[in-house]
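Taking it in order: structure first as structure tokens, then the write-up.
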There are 2 protein chains.
Amino acid sequence: MRRFVGGNPYCCDMRGMLGFLILFLLSKKSMHGQELADEIAKRKGEKPSPGTIYPALKSLREMGFISSEEKEGKTIVYSLTERGKNALRIAKRRFIRTFLGVFP
Amino acid sequence: MRRFVGGNPYCCDMRGMLGFLILFLLSKKSMHGQELADEIAKRKGEKPSPGTIYPALKSLREMGFISSEEKEGKTIVYSLTERGKNALRIAKRRFIRTFLGVFP
DNA sequence: TTATATATATCGGATGTCCAACATATTGTA
DNA sequence: TACAATATGTTGGACATCCGATATATATAA
């Protein structure tokens, strides 16, 4: 099988960027897991599996970047914490500097 | 050791994005490996090791996305091929749609 | 010539990322 | 109650990404 060393430029996959994207999306609006997965699907064309999205959310929560609140029994709404906002600010700065010029 | 499932949002690391970034940088200017590594270092703050940059270049060359030309014995200048330009166009579109709103 | 610096290259392996599969709980419907 | 649909959650493992170590070749300097 072909190995795409350095990342497959065709796919432009999320490796390493999922946490960042989640923080960014939650900064615009608090959401529950499925909402988040759907929003990501809309953007990148592929819906992350439960085994992808929930461990990511768990990590971000354990790192203190997001908080969770149960809503109406079934869904759990995630929100950015102050620490999360700070982390996002830093990550955003790096992201913008790294990919400067890619956006029109 | 802590596992950052979903990608460490603090680092905003390159996992999966290096090939994309290389294509983008070469689309602005043909460069040799070290030039490329220095440009990446300037952007993301960390210079990729030889074990990172050269295998990535080799992959991109094998995929027909870049061509290489020896210059003055020592350096090898890499340029985007037509296929590479196409790949970049597609990847850029995905990238922009995925991270829409992150750039100011 | 010897030594140093620079550029390229390969390989092994540590580690992270992500999915498939499975499991649980709640809600709504028949 | 039984059944389906939806949301959340866990685990194992395949695979990719990337670095450290190492090697080679060339150019330059002493």
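All values below were derived from every heavy atom in this structure, side-chain atoms included, with hydrogens, water molecules and symmetry-related copies excluded. Chain letters run A, B, ... following the sequence lines, proteins first and then strands; every chain starts at 1. In this text, all values refer to a predicted model and were calculated from it rather than measured experimentally.
Rounding to whole angstrom units, CD1 of residue A/I53 and P of D/dT6 are separated by 18 Å. With rounding to whole Å, B/E46 atom CD is found 11 Å from D/dC18 atom P. For the pair A/I40 CD1 and C/dT17 P, the computed distance is 15 Å after rounding to whole Å. A/L36 places its CG atom 14 Å from the P atom of C/dC18, with the value rounded to the nearest Å. Between A/L18 atom CG and D/dA16 atom P the separation is 19 Å, expressed in whole Å. Distance A/D38 CG to D/dT8 P: 10 Å, rounded to the nearest Å. One can place NZ of B/K47 at 9 Å from P of C/dT6, the figure rounded to the nearest angstrom. Spacing between atom CG of B/L21 and atom P of D/dC18 amounts to 11 Å, rounded to whole angstrom units.
The closest side-chain donor-acceptor pair between B/N86 and B/R83, if any, does not fall under 3.5 angstrom.
B/P55 and B/P50 get closest at one heavy-atom pair: CD-O, 3.5 Å. Scanning both residues, A/G64 and A/T81, for their nearest heavy atoms gives O-OG1, 2.6 Å.
Applying the side-chain contact (heavy atoms from CB on, under 4.5 Å) rule to A/K74 yields no partners; only residues at least two apart in sequence or on another chain are considered.
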Side-chain donor-acceptor contacts of residues 22-31 of chain B below 3.5 Å, not counting sequence neighbours, with atom names and distances?
| unit_1 | atom_1 | unit_2 | atom_2 | d |
| --- | --- | --- | --- | --- |
| B/S27 | OG | B/F24 | O | 2.5 |
| B/K29 | NZ | B/E35 | OE2 | 2.8 |
| B/S30 | OG | B/S79 | OG | 2.9 |

Below 3.5 Å between N/O atoms, which protein atoms pair up with nucleotides 8-10 of chain C? Just atom names and distances, please.
| unit_1 | atom_1 | unit_2 | atom_2 | d |
| --- | --- | --- | --- | --- |
| C/dT8 | OP1 | B/G33 | N | 3.4 |
| C/dT8 | OP1 | B/I76 | N | 2.9 |
| C/dT8 | OP1 | B/I76 | O | 3.4 |
| C/dT8 | OP2 | B/G33 | N | 3.3 |
| C/dT8 | OP2 | B/Q34 | N | 3.0 |
| C/dT8 | OP2 | B/Y54 | OH | 2.7 |
| C/dT8 | O5' | B/Y54 | OH | 3.3 |
| C/dA9 | OP2 | B/Y78 | OH | 2.8 |

Practice item. Dump the intermediate steps for ring-ring contact (aromatic ring centres under 6.0 Å, His included) on B/F99 and A/F99, then the final yes or no. Key: CA-CA 11 Å; B/F99 295 106; A/F99 295 104; 7.5 Å; no
